[in-house]
Participant: 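Dumping the structure here so I can ask a few things about it.
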Amino acid sequence: MADFKEHTKSEKVSIGDLVKIFLRSLSIQSSWNFSSMQNIGFAFSLIPFVEKSGGNREQRSRILKRHLELFSTHPCLSGPIIGSVVKLEEESCENNDCVKVANLKKALMAPYAAIGDPFFWGALKPLSAVVGVIMAIKGFLVAPLVFLLLYNSFHIWVRLRGFVEGYRDGRGAINFIRVLNLPEMSRKIRWISVILLGILAGAIIAIPPVPYACDAGAFARILLLIIILLCFWMVKRGISPLVILYGTSIIFLMVAV
C-alpha cells in the first residue's frame with residue numbers, strides 16, 4: 001500500500017479520493033436498470049474524480065455523460081475496471097483523448113462478467129451457504145456470520161486489490177485477474193461444495209427408529225458415504241455440479257420437513 005501511496009502523490013486524485021471512489025463502487029448494482037444496466041452506478045463511483053478533474057460545470061458534466069453509456073460486468077470485478085478508468089481519465093484530461101477509456105470498458109466488461117458469474121455466484125456463494133447451513137443445523141449461533149465472512153471477505157479483497165492494481169497499470173488489472181485463475185478455483189470449490197452437500201445430507205436426514213437391533217450411527221455413516229459417492233458419480237457423468245448442489249439441497253430439505 002506504501003508503493004500505491006507514493007505512486008499517487010503527484011496525481012490529481014488523492015488517496016482519500018481513491019478511497020471514496022472504491023467505496024462508491026461497492027454500490028454499483030444499486031442503480032441497475034434494464035436499458036444501460038450498471039451505467040448509473042459506474043458514473044456515481046467516478047464523482048470524486050470528476051470533482052477533482054478541474055474544468056467548468058459543462059466539462060465535468062461531459063465526463064459523467066461519457067460513462068452513462070451501457071456498462072455491465074460482474075460487480076465483484078468492477079473494481080479493476082473502475083480503477084483503470086480513473087487512471088486513464090487522468091491521462092485523457094491532459095491529452096484530450098477519451099478513446100482509450102471507452103475501449104477499455106468495452107473490452108473488459110464482458111470477459112470479466114463471464115469469469116465472475118461462475119465463480120462468485122456459481123461457486124463461492126453456494127459453498128458459503130452450505131457451510132453456513134451445516135453450522136446452523138449443528139446449533140452454532142455464528143452460522144450466519146460465518147456465511148457472510150466466507151463470501152464477503154474474499155469478494156471485497158478481490159474488489160479492493162483489483163481496484164488498486166487497475167489504477168496502477170491502467171489496463172484493468174489483467175495480470176492480477178490472470179494470477180487468480182478464477183475458472184480453476186470455481187471447479188475446485190464446486191467439488192468441495194458437493195462433498196459438503198453430502199455432509200449436509202447426513203446432518204439433516206432424520207433416521208427413523210428400527211424395531212430390531214441396529215447400529216443407527218453406523219447406518220447413518222453408510223448412508224452419508226453412499227450420498228457422497230453418488231454425487232461424485234453424477235459429476236463424472238457430466239452432470240453440472242450446480243444442478244447437483246441445488247437439486248439435492250431441495251430434495252434433502254423436503255425430506256427433513
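Hydrogens, waters and symmetry mates play no part in the numbers below; they use all other heavy atoms, side chains included.
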Participant: How far apart are the C-alpha atoms of Met135 and Val142, what are their side-chain angles, what is the distance that settles it, and do they pass the side chain to side chain contact (heavy atoms under 4.5 Å, CB included) test?
Facilitator: CA-CA 8 Å; Met135 295 189 68; Val142 296; 4.1 Å; yes
Participant: Would you say the side-chain atoms of Ser14 pair up with the backbone N or O of Asp17, donor to acceptor, closer than 3.5 Å?
Facilitator: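 Confirmed, Ser14 side chain pairs with Asp17 backbone.
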Participant: Keeping the roles fixed (side chain from Ser61, backbone from Arg57), state whether a donor-acceptor pair exists under 3.5 Å.
Facilitator: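 Such a contact is absent between Ser61 side chain and Arg57 backbone.
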Participant: Counting N and O atoms only, with roles assigned by atom type, does the side chain of Ser78 sit under 3.5 Å from a partner on the main chain of His74, one being a donor and the other an acceptor?
Facilitator: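 Absent.
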Participant: What are the two closest heavy atoms between Ala113 and Pro118, and how far apart are they?
Facilitator: O-CD, 4.3 Å
Participant: Determine yes or no for a side-chain-to-main-chain donor-acceptor pair under 3.5 angstrom, with Arg187 supplying the side chain and Leu182 the backbone.
Facilitator: no
Participant: Has the side chain of Asp117 got a donor or acceptor atom that lies under 3.5 Å from a matching backbone atom of Ile115?
Facilitator: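 Side chain of Asp117 to backbone of Ile115, a donor-acceptor pair under 3.5 Å: no, none is there.
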Participant: Look up atom CD1 in Ile81 and atom OG1 in Thr73, then write down how far apart they are to the nearest 0.5 Å.
Facilitator: 4.5 Å
Participant: Indicate the atoms forming the closest heavy-atom contact of Ile177 with Pro80, along with that distance.
Facilitator: CD1-CG, 4.3 Å
Participant: Between Phe176 and Leu77, is there shared hydrophobic-cluster membership here, with clusters defined by ILVMFWY side-chain heavy atoms closer than 4.5 Å?
Facilitator: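 In one cluster: yes.
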Participant: Evaluate the side chain to side chain contact (heavy atoms under 4.5 Å, CB included) criterion for residues Asp169 and Asn175: first the C-alpha distance (whole Å), next the side-chain angles of each, then the deciding distance (0.1 Å), finally the verdict.
Facilitator: CA-CA 9 Å; Asp169 63 24; Asn175 291 333; 5.5 Å; no
Participant: Could Lys20 and Phe49 be counted as a cation-pi pair, given that NZ or CZ must be under 6.0 Å from the ring centre and within 45° of the axis?
Facilitator: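 That pair does not qualify as a cation-pi contact.
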Participant: Are Leu148 and Phe140 grouped together when hydrophobic residues (ILVMFWY) are joined by side-chain heavy atoms under 4.5 angstrom apart?
Facilitator: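 As far as the 4.5 Å side-chain criterion goes, Phe140 and Leu148 are not connected within one cluster.
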Participant: Parallel, tilted or perpendicular: which fits the ring planes of Phe163 and Phe22, with parallel below 30° and perpendicular above 60°?
Facilitator: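 Rings of Phe163 and Phe22: tilted, as their planes differ by 30° to 60°.
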Participant: Which heavy-atom pair separates Glu165 from Ala173 by the least distance, and what is that distance?
Facilitator: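 Smallest heavy-atom distance, with atoms named: CB-CB, 3.6 Å.
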Participant: Can you see which heavy atom on Ser31 is nearest to which on Gly41, and at what distance?
Facilitator: CB-N, 4.3 Å
Participant: Any chain of hydrophobic side-chain contacts (each under 4.5 Å) joining Leu68 to Ile47?
Facilitator: no
Participant: Using a 3.5 Å distance criterion without hydrogens, assess whether the side chain of Tyr112 forms a donor-acceptor pair with backbone atoms of Gly172.
Facilitator: yes
Participant: Could you state whether Trp233 and Ile195 fall into the same hydrophobic cluster, counting links through intermediate Ile, Leu, Val, Met, Phe, Trp or Tyr residues with side-chain heavy atoms under 4.5 angstrom apart?
Facilitator: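 Yes, Trp233 connects to Ile195 through the hydrophobic network.
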Participant: Start with the C-alpha gap between Val158 and Cys76, add the side-chain angles, then the distance that decides, and say whether side chain to side chain contact (heavy atoms under 4.5 Å, CB included) holds.
Facilitator: CA-CA 7 Å; Val158 170; Cys76 295; 5.6 Å; no
Participant: Any heavy-atom pair between the side chains of Lys105 and Glu69 that's under 4.5 Å?
Facilitator: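 Side chain of Glu69 against side chain of Lys105, heavy atoms only: contact under 4.5 Å found.
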Participant: Is there a side-chain contact between Lys87 and Arg168 in this structure, where contact means two heavy atoms from C-beta onward sitting under 4.5 Å apart?
Facilitator: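 Contact flag for Lys87/Arg168 side chains = no.
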Participant: For Val101, is there any backbone N or O sitting under 3.5 Å from a side-chain donor or acceptor partner on Glu89?
Facilitator: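 Judged by distance alone, no pair lies under 3.5 Å.
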Participant: Measure the spacing between CZ of Arg66 and CG of Leu64 and express it to the nearest 0.5 Å.
Facilitator: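 Reported value, rounded in 0.5 Å steps: 9.0 Å.
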Participant: Measure the spacing between CD1 of Ile28 and CE of Met37 and express it to the nearest 0.5 Å.
Facilitator: 12.5 Å
Participant: For Phe119 and Trp121, I'd like to know if the aromatic rings sit close, meaning centre-to-centre distance below 6.0 Å.
Facilitator: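 So the answer is no for these two rings.
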Participant: Within the structure provided, determine whether Lys125 and Phe120 are in side-chain contact (heavy-atom separation under 4.5 Å).
Facilitator: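 Not in contact.
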Participant: Give the ring-plane orientation class for Phe154 versus Trp157, where under 30° counts as parallel, over 60° as perpendicular and anything between as tilted.
Facilitator: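 Ring orientation, 0 to 90° scale: tilted.
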Participant: Is Glu58 atom CD crowded by more than 12 heavy atoms from other residues, nucleotides or ligands, each under 6.0 Å away?
Facilitator: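 Atom CD in Glu58 is not crowded, with 12 or fewer foreign heavy atoms closer than 6.0 Å.
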Participant: Please lay out, stage by stage, how Met109 and Gln38 fare under the test side chain to side chain contact (heavy atoms under 4.5 Å, CB included).
Facilitator: CA-CA 11 Å; Met109 64 180 182; Gln38 298 167 329; over 6 Å; no
Participant: For Ser27 versus Ser30, what's the shortest heavy-atom pair and its separation?
Facilitator: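 Nearest heavy atoms, Ser27 then Ser30: O-OG, 2.6 Å.
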Participant: So, taking the atom named CG in Asn152 and the one named OG in Ser128, what distance separates them when rounded to the nearest 0.5 Å?
Facilitator: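 Atom-to-atom, Asn152:CG and Ser128:OG are 8.5 Å apart.
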Participant: Spell out, yes or no, whether Val146 and Leu149 are grouped together once hydrophobic residues are joined by side-chain heavy atoms under 4.5 Å, including indirect joins.
Facilitator: no
Participant: Find the distance between CZ (Arg24) and CG (Leu26) and round it off to the nearest 0.5 Å.
Facilitator: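 Reported to 0.5 Å precision, the distance equals 12.0 Å.
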Participant: For the atom pair CG (Leu70) and OG (Ser36), what is the distance rounded to the nearest 0.5 Å?
Facilitator: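 OG of Ser36 is found 5.5 Å from CG of Leu70.
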Participant: Does a side-chain heavy-atom distance below 4.5 Å link Glu51 with Arg60?
Facilitator: no
Participant: Establish, yes or no, whether a centroid distance under 6.0 Å links the rings of His67 and Phe71.
Facilitator: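 They do not qualify: ring centres at least 6.0 Å apart.
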Participant: Using the rule side chain to side chain contact (heavy atoms under 4.5 Å, CB included), only one of Leu150, Val194, Ile192 pairs with Leu127; which is it?
Facilitator: Ile192
